[in-house]
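The structure appears below as structure tokens.
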There are 2 protein chains.
Amino acid sequence: MDLRHLATLDAVATEGTFGKAADRLGYTQSAVSQQVAALEKAVGGAVFDRPGGPKPVRLTPLSEVVLAHGREVLARAQATEDAVERFKAGEGRVDIGTFQSVTNVILPTVVRQLLTEHPNADIRLFEEETDQPRADGLDLVFFDGRLHGDVEQVKILDDPYVLVTRPGQFPAGPVPLHALHGAAMVAQPPICDQARVERVYADAGVEPLIVFRTADNRGVLSMVRAGMGLAVVPRLALDLPTDLDTHELEEPGLSPREIYLAWQANRTLSPLAGRVIELTKQAAEQL
Amino acid sequence: MDLRHLATLDAVATEGTFGKAADRLGYTQSAVSQQVAALEKAVGGAVFDRPGGPKPVRLTPLSEVVLAHGREVLARAQATEDAVERFKAGEGRVDIGTFQSVTNVILPTVVRQLLTEHPNADIRLFEEETDQPRADGLDLVFFDGRLHGDVEQVKILDDPYVLVTRPGQFPAGPVPLHALHGAAMVAQPPICDQARVERVYADAGVEPLIVFRTADNRGVLSMVRAGMGLAVVPRLALDLPTDLDTHELEEPGLSPREIYLAWQANRTLSPLAGRVIELTKQAAEQL
DNA sequence: TCTGATGATAAGCAATGCTGGTTATTATGA
DNA sequence: TCATAATAACCAGCATTGCTTATCATCAGA
């Protein structure tokens, strides 16, 4: 049994004659006749009574059964094609792994543009604080630093670290790294890029005194503002404008945090995911 | 897009490799490869990521869409085939037109046997008192007398008329038709075969006095029992055994009522309807 | 009796679809 | 590093499918 057979059955049942059905379907009468014969062979019984002469054919009890179910089948098949079209036009779901800075700086722009283009897009964000985020199960993952494993990734932008102090605590201008030696500091927990930051400190012989750690960027800045100590944070972690002083760090020293967008290698991406990559690159260039 | 394509997609998605899917489907790996290619051409995108080497293929986002809908389509197609099988095995509905005598004497046997053979049969009876019952819309129609029009029919049985009287009203044995001349009688309304009966009376110069007409056979017999008059009814209209006297009518005179089973000519009958005809013939022979 | 509409059928032809064999690619283990 | 195994893709060959065209048989109505 074939979808085309069912479509032909439906057309003949609606039109009343083989010839009219053929016109509707773009076939010849002969083709319809052969298709009906094939369907009758498949179901093992006549589906039309042909009165002969210029009278319309009539359904048999068997064809009532086939037609009732067959129309369901055809409807589902049509629904499948529609769903494919919608998918290719950009409907569907996209799961994105992210983290604080990206959530606050890059993604708002991307999400807004994507929803403008595809109002029915189902965008879901997953912000999980882990050292090596799970890329499987997600379509795209933002991460600060390269991901290892079977992934493709593009560098979105360099996010330089800046020293954050209470107003007037340092004279304006760049600050050398060794100024942090012995200083009281507020910092992130040593996961993600923070681990690399502290390795750079150690390699330079700088040993700050970490007096408080929190994964919440606003918490870090609040404690700087409260006078607990200094902080070295990526520029994107700042809410700009801010009432705190910011100083570049002298070169060579702490290289910028690199933000990557990654996805499973060798996998076909959905149109939506592809568009997210494009929009993200554009958004990063605007910064 | 083809049902076979969807079935192949499903098989590959389940088995993980083209070769195993081919084994399940009874094809070669090459055939599956070509079918997947055809499906990918039809939907306009890859449905599998082939990692190469002995690793299973992976679904693409597109194929998630196709597969989710496609499995629905396949399920409906299977349901269609199942429904056809059930239909051919005798499930389904059969609508039968009937009238009092048949309802009480023949149909109980037929219905009981049919339900024994096909417990899921949906039998519906329509007892309408009309002169020319509508045969369209019904699969089968019982009628007393030939139907005119585009119908096929078989004679089920001859149902001779008998005279019904209060006990002892006539001496045992056949009664001549002219004994009814001027007699008080209870009768059916002059539709169906009753019209023919009264034409036979008139042709024989017999003019009974019809004192009550009712379409209800039990009503006729009740009034005979009550002494309102005689009645001439088909033997099948009697509840046997009865407390009333019955007499055959002398030949030649009133020929038996003929009961036919009819259906639309040149129409394919359902297996169930065909079986009803068979069982009806058998039941009639038992009488 | 003729005419027009219908479906069935046969022949022809292009396209489809399967098989069998081969090739290219990748992972695995020695 | 190399051989082996497993995989999908590719290609040629062949049968089948499925359409079109043309013709025929049937039936209703003028």
Side-chain angles (χ1 to χ4, degrees), chain A residues 1-43 45-60 62-63 149-152 264-268, chain B residues 1-43 45-60 62-63 149-152 264-268:
Chain A
M1 203 169 52
D2 195 347
L3 283 178
R4 236 160 350 116
H5 293 156
L6 297 177
T8 301
L9 175 69
D10 181 36
V12 175
T14 306
E15 296 291 338
T17 75
F18 286 26
K20 293 201 190 76
D23 287 343
R24 169 199 281 203
L25 296 169
Y27 293 141
T28 61
Q29 171 263 314
S30 175
V32 171
S33 195
Q34 292 174 60
Q35 283 203 20
V36 171
L39 178 61
E40 289 182 326
K41 185 179 174 187
V43 300
V47 293
F48 290 113
D49 286 321
R50 289 82 154 170
K55 284 168 61 174
V57 297
R58 279 188 307 262
L59 297 174
T60 64
L62 172 59
S63 76
D150 203 15
V151 297
E152 286 181 60
Q264 294 277 346
N266 302 317
R267 294 220 178 163
T268 303
Chain B
M1 204 169 48
D2 194 346
L3 283 178
R4 240 161 350 118
H5 292 157
L6 297 177
T8 301
L9 176 69
D10 181 36
V12 174
T14 306
E15 297 290 338
T17 74
F18 285 28
K20 294 201 189 74
D23 287 344
R24 171 197 281 203
L25 296 169
Y27 293 141
T28 61
Q29 172 263 318
S30 177
V32 171
S33 195
Q34 292 174 61
Q35 284 205 19
V36 171
L39 178 61
E40 290 183 325
K41 185 179 174 187
V43 299
V47 294
F48 290 113
D49 286 321
R50 289 85 154 169
K55 284 168 63 174
V57 297
R58 280 189 307 261
L59 298 174
T60 63
L62 172 58
S63 76
D150 202 15
V151 296
E152 286 180 62
Q264 294 279 345
N266 302 319
R267 293 223 180 160
T268 303

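Letters A, B, ... mirror the listed sequences (proteins, then strands); counts begin at 1.
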Between [N] ([atom2]) and [X] ([atom1]): distance, integer Å:
{"X": "L25(A)", "N": "dT20(D)", "atom1": "CG", "atom2": "C1'", "value": "15 Å"}
{"X": "D49(A)", "N": "dT26(D)", "atom1": "CG", "atom2": "C1'", "value": "16 Å"}
{"X": "D2(B)", "N": "dC18(C)", "atom1": "CG", "atom2": "P", "value": "10 Å"}
{"X": "L39(B)", "N": "dT16(C)", "atom1": "CG", "atom2": "P", "value": "15 Å"}
{"X": "Q29(B)", "N": "dC10(D)", "atom1": "CD", "atom2": "P", "value": "11 Å"}
{"X": "N266(B)", "N": "dC27(D)", "atom1": "CG", "atom2": "C1'", "value": "12 Å"}
{"X": "E40(A)", "N": "dG7(C)", "atom1": "CD", "atom2": "C1'", "value": "11 Å"}
{"X": "Y27(A)", "N": "dT21(D)", "atom1": "OH", "atom2": "C1'", "value": "17 Å"}

Please tell me if [X] has a side-chain N or O lying less than 4.0 Å from either OP1 or OP2 of [N].
{"X": "Q35(A)", "N": "dC19(D)", "value": "yes"}
{"X": "R50(B)", "N": "dT26(C)", "value": "no"}
{"X": "T28(B)", "N": "dT19(C)", "value": "yes"}
{"X": "R4(A)", "N": "dT17(D)", "value": "no"}

At their closest point, which heavy atom of V43(B) faces which heavy atom of M1(B), and how far apart are they?
->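 Looking at all heavy atoms of both residues, the shortest contact is CG1-SD, 4.4 Å.
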Do [X] and [Y] have side chains that approach each other closer than 4.5 Å (heavy atoms only, starting at C-beta)?
{"X": "V32(B)", "Y": "E15(B)", "result": "no"}
{"X": "T8(A)", "Y": "L39(A)", "result": "no"}
{"X": "E40(A)", "Y": "V36(A)", "result": "yes"}
{"X": "F48(B)", "Y": "T60(B)", "result": "no"}

Could you identify which residues of residues 12-20 of chain B place a heavy atom less than 4.0 Å from some atom of DNA chain C, listed by residue number, or say none?
->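 Nothing qualifies; none.
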Rounded to the nearest 0.5 Å, how far does CZ of F18(B) lie from CD of Q34(B)?
-> 11.5 Å
Could you check S30(B) against Q34(A) and say which one's nearest nucleotide on DNA chain D is further toward the 5' end?
-> S30(B)
Heavy-atom nearest nucleotide on DNA chain D taken for G26(A) and for P51(A); more 5' hit belongs to G26(A)
Using modelled atom types only, decide if a donor and an acceptor are shared between the side chain of D49(A) and the backbone of T268(B) within a distance under 3.5 Å.
-> yes
